[in-house]
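Worksheet: one structure, shown below.
Just the heavy atoms: all of them, side chains too, but no hydrogens, waters or symmetry mates, feed the values below. Letters go in sequence order (proteins before strands), and every chain restarts at 1.
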2 protein chains.
Amino acid sequence: MNLLSLPCYCATLRQAARAVTVLYEDMLAGSGLHATQFTALQLLDSAPNLTTTELAEALGVDQTTATRMLALIKKAGLASDTVGADRRQRRWALSAQGQALQKKLKPRWEAAQEAFEKRLGRAEAAALKKASYRAASRLSSTQTVHP
Amino acid sequence: MNLLSLPCYCATLRQAARAVTVLYEDMLAGSGLHATQFTALQLLDSAPNLTTTELAEALGVDQTTATRMLALIKKAGLASDTVGADRRQRRWALSAQGQALQKKLKPRWEAAQEAFEKRLGRAEAAALKKASYRAASRLSSTQTVHP
DNA sequence: GTACATTATATGTATCTACATGTATTGTCA
DNA sequence: TGACAATACATGTAGATACATATAATGTAC
């Protein structure tokens with residue numbers, strides 16, 4: 001049996017996310033980084049000194065997920081955290097090693113991006129990305145408003 | 001900081017999948033089922049006697065993921081497996097309890113579907129689902145070495 | 001200025017996920 | 001038929017994910 005077209009929005013989006021993740025993991029295989037970790041490095045590279053919560057919000061993950069992500073990245077020596085003026089906050093920055101690895105893996109990530117575009121077509125890929133972002137935006141903004 | 005629009009197709013699709021998952025988990029909260037489990041029940045309800053691998057392919061998950069999913073569903077008494085003619089295969093079917101639960105939770109799932117459509121608009125929701133399915137199809141077919 | 005609420009992060013727990021690999025069964029071919 | 005390949009499922013391991021909750025620090029109201 002082949003991949004089923006399911007009526008469920010959730011299930012279908014998850015199918016797609018899983019499939020694309022496998023592609024990116026493939027491209028990063030052996031590099032020591034996972035797709036989500038690479039994304040975090042990219043973010044820290046372009047926006048240093050984010051707090052844990054800020055990074056979580058930017059990526060659209062739970063704060064506890066971000067905490068664990070960052071713990072792994074820190075353990076690998078790719079980033080370090082410093083306590084901010086508000087001493088509850090941790091501010092994160094890439095280490096030299098983290099910067100180097102991010103730079104080194106960028107071509108692999110670009111290859112994954114291109115592979116994705118090749119399979120879907122550039123226009124369709126762009127449309128899917130835009131629609132996904134819109135969905136994520138709409139959903140996360142409203143969901144956090146709980147009385 | 002708000003949700004970021006990321007250049008990465010993988011990261012963006014994952015953002016969307018996470019956000020929509022939270023919505024569905026919310027709707028199913030307290031029911032004893034998770035969104036992925038409900039999807040599996042729906043599938044087993046409409047297509048009984050699937051093998052573990054067939055179910056994995058239909059859902060677009062790894063076989064080992066399906067094995068674990070089904071183990072949990074079985075442990076909860078919602079489905080049972082029988083050994084097929086090929087004695088390596090397990091064929092799965094909902095139990096009466098599983099059928100009942102699936103039926104009972106269907107309105108909640110429908111509410112989640114409607115909530116999703118309400119946030120995105122029906123047309124946009126449909127377009128996103130279609131594009132996601134196309135992406136998942138293209139990616140999984142090629143990855144599995146297809147003609 | 002203290003009691004109480006709020007906020008930032010961390011931890012316990014459980015599921016989802018997949019890769020590498022193991023085991024049992026089936027298929028193939030010489 | 002017997003060796004070896006292929007297949008179906010299971011297990012070990014590890015990261016991704018989020019909820020409930022804990023802890024520590026900050027903010028607020030009186």
Could you check whether the side chain of [X] and the base of [N] have a donor-acceptor pair of N or O atoms closer than 3.5 Å, going by distance alone?
X	N	result
A:R88	C:dT7	yes
B:T64	C:dC19	yes
A:Q89	D:dA25	no
A:Q63	D:dA18	no
B:T53	D:dC9	no

Interatomic distance, [X] [atom1] vs [N] [atom2] [rounded to whole Å]:
X	N	atom1	atom2	value
A:I73	D:dG15	CD1	C1'	12 Å
B:K74	D:dC9	NZ	P	13 Å
A:R14	D:dA16	CZ	C1'	10 Å
A:K75	D:dA16	NZ	P	11 Å
B:R18	D:dC19	CZ	C1'	16 Å
B:L70	D:dT11	CG	C1'	15 Å
B:E57	D:dT7	CD	P	12 Å
B:R68	D:dC9	CZ	C1'	11 Å

Just to be sure I understand the rule, does [X] reach a base, reach only the sugar-phosphate, or reach nothing, if contact means heavy atoms closer than 4.0 Å?
X	answer
B:A40	nothing
A:T65	base
A:T36	sugar-phosphate
B:T51	sugar-phosphate
A:A35	nothing

Proximity to the side chain of B:T52 - top-ranked nucleotide from C:dT17, D:dA16, D:dC9: D:dC9
On DNA chain D, does the nearest nucleotide to A:D86 precede the nearest nucleotide to B:R90 from the 5' side, or the other way round? Give the residue. B:R90
Between B:E25 and A:R87, which has a closest nucleotide on DNA chain D that is more 5'? B:E25
Given B:H34, B:R108, B:Q113, the one that forms side chain to side chain donor-acceptor pair (under 3.5 Å) with B:Y24: B:Q113
Partner of A:D81 by side chain to side chain donor-acceptor pair (under 3.5 Å), out of A:K74, A:Q89, A:R91: A:K74
Nearest 0.5 Å, please: how far is [atom2] in [Y] from [atom1] in [X]?
X	Y	atom1	atom2	value
A:R138	B:L23	CZ	CG	13.5 Å
A:L55	B:L4	CG	CG	9.0 Å
B:W92	B:T51	CH2	OG1	11.0 Å

Close side-chain approach of A:T53 and A:E57, heavy atoms under 4.5 Å: yes
